[in-house]
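Down below is the structure, laid out as structure tokens.
Being a predicted model, the structure only gives us computed values, none of them experimental. For the single chain, residues carry numbers from 1 onward in sequence order.
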Amino acid sequence: MHYKHYERNQNTNININNVNLTGENLKFEFDLKGTSSLGAITNNAKQMNLRATQSSSTLTVTTLNQNSSVTPQDNNANTQIFQNVSVATLNVNAGSAANNGGTITNANINGGEFRQASGTTETATLNSGSLTQANGSITTLNQNAGSTIQQNGTIQNLNLSGGTFTHKGGTLSNVV
């Protein structure tokens, strides 16, 4: 099942408090126009995309919890965050999440995978799982465990207290 939610009237603000997505084959997409906000989102579905496709549109998410899909053997559930989308707190507990041009204030990776493809992440904390930076910028990476591969992009501050960090390209400024 694939479901898209569109807001066609730019002048209308959409504000949704809580969203819980669950479904083994559910693919869900928010494509909102204007200024919209989502409170807490928990993704247990196969895929979720967050978009604000018009240049003047913004979508703000308070808390996004990326979990596995409902089938225990399927740990490939994912969330995609695109341009003009801001997430205050992203918790990756299983599955994967990708920043494809959005802005994330705090990313907590507690399992699964986080991919910084483009856009900005202010603080990423890797406690378990993996982080791949293909492009974009991370202001501060606190790595306590897990594995990070930097292929491109910029990491301004790396606090490495555990795990494995591999630098294959990009700019790495300060390592502690």
Side-chain angles (χ1 to χ4, degrees), residues 3-7 13-23 26-69 75-144 146 148 150 153-159:
Y3 177 80
K4 287 187 177 187
H5 177 80
Y6 290 98
E7 174 52 43
N13 294 332
I14 300 299
N15 297 299
I16 301 171
N17 288 328
N18 295 303
V19 177
N20 290 310
L21 299 175
T22 302
L26 178 64
K27 294 182 180 181
F28 196 92
E29 181 169 298
F30 287 96
D31 189 353
L32 302 174
K33 295 172 178 61
T35 301
S36 300
S37 66
L38 299 171
I41 302 174
T42 299
N43 184 26
N44 291 305
K46 184 72 176 172
Q47 181 174 351
M48 179 180 65
N49 295 335
L50 298 173
R51 299 177 189 270
T53 53
Q54 289 188 339
S55 61
S56 61
S57 297
T58 59
L59 172 59
T60 303
V61 178
T62 304
T63 303
L64 171 55
N65 296 303
Q66 168 58 52
N67 297 325
S68 174
S69 67
N75 201 25
N76 294 321
N78 74 71
T79 295
Q80 305 283 322
I81 301 163
F82 292 94
Q83 189 174 1
N84 301 326
V85 176
S86 297
V87 177
T89 302
L90 169 66
N91 297 309
V92 181
N93 301 310
S96 66
N99 186 355
N100 293 319
T103 300
I104 299 171
T105 304
N106 294 299
N108 301 303
I109 302 100
N110 302 310
E113 176 188 10
F114 176 66
R115 182 169 174 81
Q116 178 73 32
S118 62
T120 301
T121 299
E122 291 180 26
T123 302
T125 302
L126 180 59
N127 296 310
S128 177
S130 65
L131 185 151
T132 301
Q133 184 180 23
N135 218 332
S137 66
I138 298 173
T139 304
T140 301
L141 171 58
N142 299 308
Q143 184 169 344
N144 301 314
T148 297
Q150 183 184 19
T154 301
I155 297 174
Q156 287 183 349
N157 302 296
L158 171 62
N159 299 312

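Side-chain contact between Thr60 and Val87 is absent, with no heavy atoms from C-beta onward closer than 4.5 Å. Side-chain atoms of Thr62 and Thr89, non-hydrogen and from C-beta on, never get closer than 4.5 Å to each other. Thr125 is listed as a side-chain neighbour of Asn144, based on a closest heavy-atom distance under 4.5 Å.
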Query raised in the report: Please walk me through it: do Asn49 and Phe82 pass side-chain contact (heavy atoms from CB on, under 4.5 Å)?
Result: CA-CA 8 Å; Asn49 295 335; Phe82 292 94; 4.1 Å; yes

**Report entry** Asn84 and Leu59: CA distance, side-chain angles, deciding distance, side-chain contact (heavy atoms from CB on, under 4.5 Å) verdict
**Finding:** CA-CA 6 Å; Asn84 301 326; Leu59 172 59; over 6 Å; no

**Report entry** Residue pair Asn135, Gln133: steps toward the side chain to side chain donor-acceptor pair (under 3.5 Å) verdict
**Finding:** CA-CA 6 Å; Asn135 218 332; Gln133 184 180 23; over 6 Å; no

Requested in this report: Show the numbers, then the answer: is there a side-chain contact (heavy atoms from CB on, under 4.5 Å) between Thr123 and Asn142?
Outcome: CA-CA 8 Å; Thr123 302; Asn142 299 308; 3.7 Å; yes

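When atom types are taken as modelled, the side chain of Thr63 and the backbone of Ala40 share no donor-acceptor pair closer than 3.5 angstrom.
Taken from OG1 in Thr79 to CE in Met48, the straight-line distance is 4.0 Å, to the nearest 0.5 Å. With rounding to the nearest 0.5 angstrom, the OG1 atom of Thr22 is 14.5 Å from the NZ atom of Lys46. Residue Asn44 holds its CG atom at 4.5 Å from CG of Asn67, rounded to the nearest 0.5 Å. Expressed to the nearest 0.5 Å, how far CD of Gln66 lies from CG of Asn43 amounts to 4.5 Å. Separation of atoms CG (Asn65) and CG (Leu90) is listed at 8.5 Å; rounding is to 0.5 Å. Residue Ile155 holds its CD1 atom at 10.0 Å from CG of Asn157, rounded to the nearest 0.5 Å.
Residue pairs that meet the salt bridge (charged side-chain N to carboxylate O under 4.0 Å, His left out) test with at least one member in residues 51-61, sequence neighbours left out, are Glu29-Arg51.
Nearest heavy-atom pair across Thr148 and Gln143 is OG1-OE1, 2.9 Å.
The residue from Ile104, Thr120, Leu158, Leu131 that alone fulfils the side chain to side chain contact (heavy atoms under 4.5 Å, CB included) condition with Ile138 is Leu131.
Scanning for side-chain hydrogen bond (donor to acceptor under 3.5 Å, both in side chains) contacts around Ser37 gives Asn15, with sequence neighbours left out.
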Result block: side-chain N/O donor-acceptor pairs under 3.5 angstrom for residues 106-119, not counting sequence neighbours:
{"from": "Asn108", "atom 1": "ND2", "to": "Asn91", "atom 2": "OD1", "distance (Å)": "3.0"}
{"from": "Asn110", "atom 1": "OD1", "to": "Asn127", "atom 2": "ND2", "distance (Å)": "3.0"}
{"from": "Asn110", "atom 1": "ND2", "to": "Asn93", "atom 2": "OD1", "distance (Å)": "3.4"}
{"from": "Gln116", "atom 1": "OE1", "to": "Thr121", "atom 2": "OG1", "distance (Å)": "2.5"}
{"from": "Gln116", "atom 1": "NE2", "to": "Ser118", "atom 2": "O", "distance (Å)": "3.1"}
{"from": "Gln116", "atom 1": "NE2", "to": "Gly119", "atom 2": "O", "distance (Å)": "3.0"}
{"from": "Ser118", "atom 1": "OG", "to": "Asn100", "atom 2": "O", "distance (Å)": "3.4"}
{"from": "Ser118", "atom 1": "OG", "to": "Gly101", "atom 2": "N", "distance (Å)": "3.0"}

